[in-house]
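Input: a single structure, listed below in structure tokens.
These numbers come from a predicted model, not from an experiment. The figures here come from the full heavy-atom set of this structure, side chains too, leaving out hydrogens, waters and symmetry mates.
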Amino acid sequence: QQQQQQQQQQQLQPSPVVFKQQVASMAMKEATIAFKNMEDAYAMAKEIMALLSASGSVTNVEEDPRVIEAAAYAKKLHSVALFKLKVSKRASEEAER
């Protein structure tokens with residue numbers, strides 16, 4: 001009976017190769033989402049700049065705190081996306097071994 005339970009547990013666990021492929025796939029999905037979030041943030045920063053420019057109420061749009069904050073957030077997401085891409089690449093390399 002104990003041997004049968006061990007066999008059942010082994011069947012439930014994916015092989016190391018399958019596990020590595022699953023990890024690589026999840027990492028790539030996370031990187032893709034992160035890059036989409038980054039692109040959205042840069043688009044929002046650009047939209048804020050365009051709205052401020054069109055309003056004419058701000059003389060130097062690039063120095064407006066709203067633009068600075070939006071650009072800083074986009075840069076932060078850029079760093080996150082690059083990190084996740086690096087993790088994804090490493091996971092893919094590991095899955096190929």
Side-chain angles (χ1 to χ4, degrees):
Q1 186 178 8
Q2 187 177 10
Q3 187 179 15
Q4 191 177 25
Q5 287 176 341
Q6 287 175 343
Q7 286 175 343
Q8 287 176 344
Q9 284 180 341
Q10 288 175 347
Q11 289 173 352
L12 295 176
Q13 294 175 350
S15 70
V17 172
V18 171
F19 179 74
K20 288 179 182 181
Q21 289 171 343
Q22 289 173 338
V23 169
S25 177
M26 290 185 329
M28 180 53 79
K29 183 177 179 180
E30 285 292 321
T32 301
I33 292 169
F35 272 98
K36 174 70 174 119
N37 291 342
M38 176 202 70
E39 289 172 354
D40 290 348
Y42 275 116
M44 179 60 76
K46 191 173 181 180
E47 188 175 327
I48 291 169
M49 285 181 70
L51 289 171
L52 289 173
S53 292
S55 74
S57 62
V58 178
T59 54
N60 192 350
V61 175
E62 292 179 6
E63 291 182 11
D64 186 272
R66 294 166 286 193
V67 172
I68 292 170
E69 183 179 341
Y73 181 67
K75 287 178 185 178
K76 176 184 172 187
L77 291 182
H78 182 245
S79 295
V80 170
L82 289 178
F83 174 75
K84 288 186 176 188
L85 180 63
K86 187 175 183 178
V87 169
S88 174
K89 183 178 178 186
R90 190 165 286 159
S92 293
E93 289 170 353
E94 188 65 31
E96 291 174 3
R97 292 183 187 171

The reported gap from CD in Glu93 to OG in Ser88 (rounded to nearest 0.5 angstrom) is 9.5 Å
Who pairs with Arg90 by side chain to side chain donor-acceptor pair (under 3.5 Å), at least two apart in sequence or on another chain?
none
Cluster overlap Val80 with Met38, hydrophobic side-chain contacts below 4.5 Å:
no
How would you list, by chain and number, every residue that makes a side chain to side chain contact (heavy atoms under 4.5 Å, CB included) with Ile33, sequence neighbours excluded?
Lys29, Asn37
Determine which pairs satisfy side-chain hydrogen bond (donor to acceptor under 3.5 Å, both in side chains) with at least one residue from residues 63-78, sequence neighbours left out, and list them in order.
Asn60-Glu63, Asp64-Arg66
What residues form a side chain to side chain contact (heavy atoms under 4.5 Å, CB included) with Glu94, not counting sequence neighbours?
Lys20, Arg97
If you round to the nearest 0.5 Å, how far is CE of Met49 from NZ of Lys46?
9.5 Å
Should Met26 and Phe83 be regarded as members of a common hydrophobic cluster, given that ILVMFWY residues are connected when their side-chain heavy atoms come within less than 4.5 Å of each other, either directly or indirectly?
no
Please say yes or no: joined through hydrophobic side-chain contacts below 4.5 Å, possibly via intermediate residues, are Met44 and Val61 part of one cluster?
yes
Would you compute the distance between atom CG of Leu85 and atom CE of Met28 and round it to the nearest 0.5 angstrom?
6.5 Å
For Gln21, side chain to side chain contact (heavy atoms under 4.5 Å, CB included) partners two or more places apart
Val17, Ala95
For the atom pair CZ (Phe35) and CG (Leu77), what is the distance rounded to the nearest 0.5 Å?
11.0 Å
Side chain to side chain contact (heavy atoms under 4.5 Å, CB included) partners of Ala70, counting only residues at least two apart
Ala45, Ile48
